[in-house]
A.B. asks: 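The structure that follows is given in the form of structure tokens.
Both backbone and side-chain heavy atoms feed into the values below; hydrogens, waters and symmetry mates do not.
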Amino acid sequence: MSQQHSALASAPTPAQAKRGDWWRDAVIYQVYPRSFADSNGDGMGDLEGIRSRLPYLRDLGVDAVWLSPFYASPQADAGYDVADYRAVDPMFGNLLDADALIRDAHELSLRIIVDLVPNHSSDQHEWFKRALREGPGSPLRDRYHFRPGKGEHGELPPNNWESIFGGPAWTRVTEPDGTPGEWYLHLFAPEQPDFNWEHPAVGDEFRSILRFWLDMGVDGFRIDVAHGMVKAEGLPDIGGDGDQLKLLGNDVMPFFDQDGVHDIYRQWRLILDEYAGERIFVAEAWTPTVARTANYVRPDELHQAFNFQYLGTHWDAEELRKVVDLTLEAMRPVGAPATWVLSNHDVTRHATRFANPAGLGTQIRTAGDRALGLRRARAATLLMLALPGSAYIYQGEELGLPDVVDLPDEVRQDPAYFRGAGQDGFRDGCRVPIPWTREGSSYGFGTGGSWLPQPAEWADLSVEAQTGVAGSTLELYRWALAVRRAEPDLGAGDSVAWLRAPEGVLAFRRGEFVCVANTTGESVTTPAYGRVLLASGEVAEVDGDAKIPADTTVWWTTA
Ligand code: GLC
């Protein structure tokens, strides 16, 4: 067996030396509170529901739980529009429920990471309401981006920026005297006005919010739109010739990934480090390259950043290998762990992405070939969990859930759908409440239906239907996480040693562990590397060779 070490295989690194840090190789499970478990039968998930299901998460074998926002909110963007950062929305419970949830999680050795939304508030936030009420010249307007319009009567937006959800990024207000007045900036929905991070009160407020939740005992924060917050000086038009413009993808974006945002994180890190217990920050930073993402996880800034380049990669050995190499290379100099993620509440679930032809992006509304999608999804998960670093799992992927692509329009809630950003509400399809039981109202999600309808086929994908069933996707995840825990080096380190493999096959060694992923539609023959620990499909071994079926990943140990 010939072994091809990549340039990446290297001596122990600072990352390995600091192996005590739980988050460096943690598997973190994302709970979307509306859709996880409903304790009071109102069709909407809640904190008490989550608390009741913590033993499930412990048994699944994850290290931490990240909760999408549950704060007081009018829900214009499913809670990413926060009206009060220190209160729980009554829809989800109250602060006592949050306290009980954090305590119970800790009893079960699970950590809790909460979402922090600092780029914008809700338009129902006290500051914004006052800013509107008090009219032009109100000091509260300086905490957001209010500007007079262009044109003879101020009837045109102050610049040409567009909302991520479609339409202009500016909305004109009606002043207290009833006249059309200033405009305010919202990179997302009009109900989500952007804070002005140049104003000292904004920074003070968020440092205080951090302390509030740290005092409540949370183990960390996922920072929403972490690449936002700071805007280029003067809010210049996109496509202008200003030197201060930064690149995002191929577009010039003066509102994302500005260098000034790093000063905020350096201040936040000092606060976090005052608290015991290795608490962490993870950035939702959409940047053009993994190298730019690495800037967010320099030693005095955040701990982790989502690897969206990995999430967007096709089920293709060459492309996967390239992004794994680029990621590890980018993270090594800053000493941060790589992260791996396949699904979240903003993209089409990977079981559906991989069911469709490559190249359609992460927002897909066709079911495609479901069996193929599931086979690849299972294989992709075993590959992800074999890589060094930390991995994120989105609720329901352990059941092999696809996106629900045929939701009736009248149940949709995603603001992107209503603002028609060419996205057509794709995000509701990955937010459908998860099935716990074969029968019952909403398949055990709650006793009073569910806020988005679940397909009947989900009975057979429920936790109940898959528990204890050899080969089920749920049991595959449980085994994978158990093996990951038992193999002390699986998530550690910052390199992989690539092995020679047939075209379309990805193979690497990590000490005594070998992972082989066949991304092709045909079965392939590779050496049998040792004892099979786990496989996402049936592997046949004959005379020292292994026959790996199409779209299948295998874990071996040579020990
Ligand atoms: C992030 C969230 C997304 C939300 C947006 C605005 O991208 O993940 O759900 O709509 O920020 O807060």
A.B. asks: Sequence neighbours left out, what pairs pass salt bridge (charged side-chain N to carboxylate O under 4.0 Å, His left out) with at least one residue falling in residues 333-362?
C.D. replies: Asp346-Arg427, Asp346-Arg431
A.B. asks: Are Asp63 and Arg485 within salt-bridge range, i.e. N to O under 4.0 Å?
C.D. replies: yes
A.B. asks: Does Leu374 have any side-chain contact (heavy atoms from CB on, under 4.5 Å) partners at least two apart in sequence or in another chain, and if so, which?
C.D. replies: Arg378, Thr473
A.B. asks: For Phe188, give me all partners under ring pair (Phe, Tyr, Trp, His ring centres under 6.0 Å), at least two apart in sequence or on another chain.
C.D. replies: His120, Phe165
A.B. asks: Is there a side chain to side chain contact (heavy atoms under 4.5 Å, CB included) between Leu57 and Val65 once you walk through the steps?
C.D. replies: CA-CA 8 Å; Leu57 297 176; Val65 180; 3.8 Å; yes
A.B. asks: Go through the structure and list residues passing side-chain hydrogen bond (donor to acceptor under 3.5 Å, both in side chains) with Trp340, not counting sequence neighbours.
C.D. replies: none
A.B. asks: Yes or no on side chain to side chain contact (heavy atoms under 4.5 Å, CB included) for Trp555 and Val532, after CA distance, side-chain angles and deciding distance?
C.D. replies: CA-CA 6 Å; Trp555 288 3; Val532 172; over 6 Å; no
A.B. asks: Enumerate the residue pairs fulfilling salt bridge (charged side-chain N to carboxylate O under 4.0 Å, His left out) with a member in residues 516-539, sequence neighbours excluded, ordered by first and then second residue.
C.D. replies: none
A.B. asks: Quick one, Gln395 with Ser35, criterion side chain to side chain donor-acceptor pair (under 3.5 Å). Give me CA distance, side-chain angles, the key distance, then yes/no.
C.D. replies: CA-CA 9 Å; Gln395 68 176 39; Ser35 305; 4.7 Å; no
A.B. asks: Restricting to side-chain contact (heavy atoms from CB on, under 4.5 Å), what partner residues turn up for Pro402, sequence neighbours left out?
C.D. replies: Thr352, Arg370, Trp458, Leu461
A.B. asks: Anything under 30° is parallel, anything over 60° is perpendicular, the rest tilted; go ahead and classify Phe508 against Phe513.
C.D. replies: tilted
A.B. asks: For residues 549-559, pull every pair meeting salt bridge (charged side-chain N to carboxylate O under 4.0 Å, His left out), keeping only residues two or more places apart or in separate chains.
C.D. replies: Arg375-Asp551, Arg376-Asp551
A.B. asks: Taking only residues two or more places apart in sequence, or in another chain, which ones meet Phe445 in a ring pair (Phe, Tyr, Trp, His ring centres under 6.0 Å)?
C.D. replies: none
A.B. asks: Please list, chain by chain and in numerical order, all residues satisfying salt bridge (charged side-chain N to carboxylate O under 4.0 Å, His left out) with Asp316, sequence neighbours excluded.
C.D. replies: none
A.B. asks: Going by the rule ring pair (Phe, Tyr, Trp, His ring centres under 6.0 Å), which residues pair with Trp161 if we only count those two or more places apart in sequence or in a different chain?
C.D. replies: Phe255
A.B. asks: So Phe308 and Phe306, would you call those rings parallel, tilted or perpendicular, with 30° and 60° as cut-offs?
C.D. replies: tilted
A.B. asks: Who passes side-chain contact (heavy atoms from CB on, under 4.5 Å) against Arg478, sequence neighbours left out?
C.D. replies: Tyr56, Leu60, Thr467, Leu474, Glu475
A.B. asks: How would you list, by chain and number, every residue that makes a side-chain contact (heavy atoms from CB on, under 4.5 Å) with Ala64, sequence neighbours excluded?
C.D. replies: Trp22, Ile28, Arg111, Ile113
